[in-house]
Amino acid sequence: MLAGYQLHNGCLWLDGVSMRGVIEEITPPKLTAKTEDFYAGGMDGPVPIMVGMEGLELTFSIKDMNATVLENFGLQQGNDGLPVKIKGGLQKGNSHEVKPFEVIGTGLVSEVDMGSLKPGEMSTMSVTMKLHYYKLSIDTRFRSFFRLTYSFVYSCRCSVF
């Protein structure tokens, strides 16, 4: 995220169902490039070249035993996967400047951790999604689109638009 900014009025939608009021934490995917060292004749040292990206994982925690999450665990809707959207604003300190923030992705709910259930205490459900489409928009000036596509030989290509 931008330095000094914090998420303001964030909400997550999973399969079109709003999670407003129950979201505790959202961790956007970590972007990591896969590289290989290229060493051609006459070079003094190797040069890293990008050959793709590591897998994208979105993690969020909710204060609820949510039926939508459990119903969609391990399922993939058609070729597109399960849609997820995060919208909110990034606010700097106590200023009134708020920049729009949006994450859109599709993927598979791959892990659900229901934590421990104790009488009289709120339980927390931690959810991990493996994404094959990820779009990040900040203030409509910075837009990144990442689409991981898989061919029949299980090789991964990454397209950055």
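Within a 6.0 Å radius of CD in Glu36, other residues, nucleotides and ligands contribute 12 heavy atoms or fewer.
Between Pro46 and Tyr39, the closest heavy-atom pair is N-CD1, 3.5 Å. For Val98 against Gly89, the heavy-atom pair with the smallest separation is CG1-CA, 3.7 Å.
To the nearest 0.5 Å, the span separating CG on Asp15 from CG on Leu82 amounts to 5.0 Å. Rounding to the nearest 0.5 angstrom, the gap separating the CZ atom in Phe101 from the CG atom in Leu136 is 6.0 Å. With rounding to the nearest 0.5 Å, the separation of CD in Glu54 from OG1 in Thr35 is 9.0 Å. Taken to the nearest 0.5 Å, the CD atom of Glu111 stands 8.5 Å off from the CZ atom of Phe73. Summarising the geometry, atom NZ belonging to Lys34 is positioned 10.5 Å from atom CE belonging to Met50; distances are rounded to the nearest 0.5 Å. Atom CD of Gln6 is separated from atom CG of Leu90 by 9.5 Å, given to the nearest 0.5 angstrom.
Note: the hydrophobic cluster containing Leu70 also contains Ile23 (ILVMFWY, side chain heavy atoms under 4.5 Å, direct or indirect links). Val109 and Trp13 fall into different hydrophobic clusters, where Ile, Leu, Val, Met, Phe, Trp and Tyr side chains are chained together by heavy-atom contacts under 4.5 Å. Under the 4.5 Å side-chain heavy-atom criterion for Ile, Leu, Val, Met, Phe, Trp and Tyr, Val17 and Val112 are members of distinct hydrophobic clusters.
For the pair Val84 and Leu12, the minimum side-chain heavy-atom distance is below 4.5 Å. Contact check for Met19 versus Val69: side-chain heavy atoms found under the 4.5 Å cut-off. Side-chain contact check for Ser137 versus Pro100: every heavy-atom pair is 4.5 Å or farther apart.
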Between side-chain atoms of residues 114-129 and protein atoms elsewhere (two or more places apart, or another chain), which donor-acceptor pairs fall under 3.5 Å?
none

Side-chain donor-acceptor contacts of residues 55-65 below 3.5 Å, not counting sequence neighbours, with atom names and distances?
unit_1	atom_1	unit_2	atom_2	d
Glu57	OE2	Lys130	NZ	2.9

- [ ] Please assess Cys11 against Lys87 for the test side-chain contact (heavy atoms from CB on, under 4.5 Å), listing each intermediate value before the final yes or no.
- [x] CA-CA 6 Å; Cys11 186; Lys87 288 185 91 169; 5.7 Å; no

Open item on the list: Let's go through Tyr133 and Ile104 carefully: what are the C-alpha distance in whole Å and the side-chain angles of both, what is the deciding distance for side-chain contact (heavy atoms from CB on, under 4.5 Å) to 0.1 Å, and is it a yes or a no?
Closed with: CA-CA 8 Å; Tyr133 175 77; Ile104 296 174; 4.3 Å; yes

